[in-house]
Structure formats: structure tokens, C-alpha cells
Amino acid sequence: MRILCLDGGGVRGIFSAAILQEIEQECGKPVNEMFDMVAGTSTGSIIAASVVLNKDLNEVKQKYKTHGKAIFTPQAKIGLFKTVYNDKEMRKYFREALGEVSLSEIKKPLLIPSVNISEGSPYVYRSNYRKDVQEDLSVKVWDAVLSSCSAPVYFPPNNVQNKYLTADGGLWANNPSLVCLTEAVHYFKEPMDKVKILSIGTGEQKINFEINSKKSWGIKEWLPFHFQSRRITPKLLDLAMHLSSEAVSEQCEKLMGKNYLRLNADLGKEVPFDEMESIEELVELSKQVITNKKNEVLEFLS
């Protein structure tokens, strides 16, 4: 069983989309045909859903550029009394891009991690492939994606059909590889040595906190406000998601060995998930990764 897993990371998701576009061009067929299961968290869920629905990856990549600025238009400076961004543009974008397809209409295994904050529990949206669990498959794909992208403080929780509230899946599974490995072994009864995972990150950040005796270690240190750009930096959230992704990656590498291939790149700096200025740099970085890892990727997919 071959599985594609896509990390969360806001606008840095263009890095993953660009890598998949390069893989399609190298292999000469749609990414959807190369994998038996697809999963994505947060921004990765946008790409995962697009792959399963056979959307044009170049178009997906371009929409990060055209829709990103509208989505990341602040409505608050700090998010103390209301979220930094509203989800109006994001909701509109997802509905237009993914249509009104429900999870029940998708037979290929698609997994989208989220958080049910009404019950305080992790939650995975699944497409219509399991017969052993009672899940609400009437949820639209765009609604599941919106749930997985609703980062606390930055976006409001997603109200799903007035039944429950959901938040960003990156809070517990920013790299969905372990979620998929568990699904493959537990539900599909695949031997672990028969499972192969291609995991694509959104860039490894350098998130540093300086030693300073004058720091109070309140909210301004964890979520610093930059006066020049007049916005709060999601440093704490980016740190938590980075740690989640890299910890899962290390665990999967030890469990799966060569059957786990991780494509990522060192950003060498902090690139917040809402920083539109780094988009072109991320696209160029994706090309470097594919150039350096081309033979490994082709062998992995052979």
C-alpha cells in the first residue's frame, strides 16, 4: 500500500503543491493514480482533497498566490478580542475550488485530521471506504478541509452543520503519517513492511527563543507583535506544529525504514504560516528538492 501524507503549514503549503506538480511531470500521470491512500492536515488537506478530486495541481499552486492575500487580511492586530483573520474568504475559496462533493461520494481513502473542540478530542474525517464505523459522510469535503485549517486565535472554529465545532488538525497531527500507518495496519490489515509512505513537509523553520533575563515570557514573547507589518507572528503555533511534524517523521523513519520517504527542506529562518512574501522562494525551493531527490522519489514510486 502506497500512501501520500501532506503536512500543515499555511501558505507554505505551496511548497508541497509544487513538489507534487514536479512529480506528476516526471512520472507522466496524475498523483492520484500513484497512491492507494491520501491524507493531509490543515493546508495539506487542501492539496490532499485536490489530489483525490483530480484537480490541476498547477491551478492549486496558483490559488495559493491569488487567494492567499485575501485570506490573510487581518481583522484584528493581536486576536485578543476576536480572531486575527475571519474565515469568510477561506470558506469561499474552498467551496469554489472543491465544489459540493461530500465525503460519501469519495471511495478512495482520504483522511483529514481535525479536532472536535466540542468534545475536546482528535477527529479524522474519512471518505467512504470504511464499513466498520458510523461516521457522518454527508459532510462536504470543503467543510472537512475548513475544519482542518481553522487555526486557533487566527481563525474561528468551524461550525459543522450546527452539530459540533472543529479546529486545526495540526494541533495533534500536523504530519498525518502515523494516522495513516495506523489505518493501513489496523483497518486494511497490511503488514508494516508492505506499507510505503511519501511524506511531504512545508519547510523546516528555524524558530529560536533567545536567553534574555529581561523577558517576562508573557504573550508578547510567545506571539510577538511586529510594528512594521502591524501583525502578530504565530511563533508558538508554528513551533508546536513544527515539533509535531518532525517528531512523527522521526518515529515513522524508525518504524518503517526505507519505506518512509520524507521530502522537506531547511528554510534557514522563520517563515510564519501567514507570510505571503515567501511564496516564490518556496516554489524555487521545491524545485531544488525534486532535483536533489529525483532518483529516490522515482525509485520509491516504481
Side-chain angles (χ1 to χ4, degrees), residues 4 6-18 20-21 31-32 38-75 83-106 108 110-117 123-128 136-171 173-174 176 202 241 273-274 276 279:
L4 174 64
L6 303 167
D7 281 23
V11 297
R12 298 196 308 273
I14 197 171
F15 173 82
S16 308
L20 289 177
Q21 185 188 17
V31 169
N32 191 29
V38 180
T41 301
S42 196
T43 194
S45 70
I46 305 170
I47 306 166
S50 298
V51 165
V52 169
L53 295 173
N54 286 312
K55 300 293 183 180
D56 186 322
L57 284 171
N58 183 56
E59 186 176 333
V60 173
K61 188 177 73 176
Q62 293 305 317
K63 283 183 177 179
Y64 271 89
K65 301 177 183 179
T66 57
H67 289 264
K69 289 183 180 179
I71 290 171
F72 292 112
T73 299
Q75 66 170 355
T83 57
V84 176
Y85 309 108
N86 66 51
D87 65 354
K88 181 180 178 181
E89 288 297 328
M90 191 160 66
R91 184 183 297 269
K92 178 183 176 183
Y93 161 41
F94 293 165
R95 294 191 76 161
E96 289 178 355
L98 302 173
E100 295 298 320
V101 180
S102 66
L103 292 170
S104 64
E105 298 174 71
I106 299 176
K108 190 185 194 79
L110 169 66
L111 286 76
I112 299 176
S114 184
V115 177
N116 181 337
I117 62 172
Y123 187 79
V124 179
Y125 289 98
R126 293 179 174 87
S127 55
N128 190 13
D136 186 2
L137 295 173
S138 69
V139 173
K140 304 296 185 182
V141 174
W142 69 260
D143 216 358
V145 170
L146 183 60
S147 293
S148 193
C149 290
S150 299
V153 179
Y154 294 89
F155 293 101
N158 186 29
N159 183 338
V160 183
Q161 302 175 343
N162 283 322
K163 295 178 180 178
Y164 53 91
L165 296 174
T166 54
D168 198 329
L171 293 173
N174 202 53
T202 57
M241 293 183 176
F273 68 75
D274 57 352
M276 291 295 299
I279 277 189

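Nothing here was measured: the structure is a model prediction, and the numbers come from that model.
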Quick check: do [X] and [Y] have side-chain heavy atoms less than 4.5 Å from each other?
{"X": "P152", "Y": "L171", "result": "yes"}
{"X": "H67", "Y": "E96", "result": "yes"}
{"X": "S50", "Y": "L98", "result": "yes"}
{"X": "L103", "Y": "V141", "result": "yes"}
{"X": "M241", "Y": "D168", "result": "yes"}
{"X": "L4", "Y": "L20", "result": "yes"}
{"X": "Y154", "Y": "F72", "result": "no"}

Here the salt bridge (Lys or Arg N to Asp or Glu O under 4.0 Å) pairs for residues 58-72, sequence neighbours left out, are E59-K63, K65-E280
For residues 44-55, the salt bridge (Lys or Arg N to Asp or Glu O under 4.0 Å) pairs (sequence neighbours left out) are none
List the residues meeting side-chain hydrogen bond (donor to acceptor under 3.5 Å, both in side chains) with [X], not counting sequence neighbours, and say none if there are none.
{"X": "N159", "result": "N162"}
{"X": "T43", "result": "Y64"}
{"X": "N128", "result": "none"}
{"X": "N54", "result": "N32"}

Between [X] and [Y], what is the shortest heavy-atom contact and its length?
{"X": "F155", "Y": "C149", "result": "CD1-O, 4.0 Å"}
{"X": "G170", "Y": "T41", "result": "N-CG2, 3.3 Å"}
{"X": "I112", "Y": "S148", "result": "CG2-CB, 3.6 Å"}
{"X": "S16", "Y": "L6", "result": "CB-CD2, 4.4 Å"}

What distance separates [X] [atom1] from [Y] [atom2], expressed to the nearest 0.5 Å?
{"X": "K163", "Y": "N116", "atom1": "NZ", "atom2": "CG", "answer": "12.0 Å"}
{"X": "D56", "Y": "Q21", "atom1": "CG", "atom2": "CD", "answer": "7.5 Å"}
{"X": "T73", "Y": "K88", "atom1": "OG1", "atom2": "NZ", "answer": "11.5 Å"}

- Task: Report yes or no: do Y85 and D274 form a side-chain donor-acceptor pair below 3.5 Å?
- Result: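 D274 and Y85 do have a side-chain donor-acceptor pair below 3.5 Å.
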Notebook entry, point to check: What's the verdict on side chain to side chain contact (heavy atoms under 4.5 Å, CB included) for L57 and V51, showing C-alpha distance, side-chain angles and the deciding distance?
Noted result: CA-CA 8 Å; L57 284 171; V51 165; 4.2 Å; yes
Donor-acceptor contact below 3.5 Å, side chain T202 vs main chain G8: yes
Counting distance only, does the side-chain N/O of S42 pair as donor-acceptor with the main-chain N or O of G9 below 3.5 Å? no
### Message
My understanding is that only residues two or more places apart in sequence, or in another chain, count here; which of them pass salt bridge (Lys or Arg N to Asp or Glu O under 4.0 Å) with D7?
### Response
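By the salt bridge (Lys or Arg N to Asp or Glu O under 4.0 Å) rule, D7 matches R262.
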Sorted by chain and residue number, the salt bridge (Lys or Arg N to Asp or Glu O under 4.0 Å) partners of R91 (sequence neighbours excluded) come out as D87
Y125 meets the ring-ring contact (aromatic ring centres under 6.0 Å, His included) criterion, sequence neighbours left out, with Y123
**OP:** List the steps and the verdict of side chain to side chain donor-acceptor pair (under 3.5 Å) for S114 and S147.
**Re:** CA-CA 6 Å; S114 184; S147 293; 4.6 Å; no
Could you list the residues that satisfy side-chain contact (heavy atoms from CB on, under 4.5 Å) with [X], not counting sequence neighbours?
{"X": "S138", "value": "D136, Q161"}
{"X": "K140", "value": "E100, S102, W142, D143"}
{"X": "S150", "value": "L146, N158"}

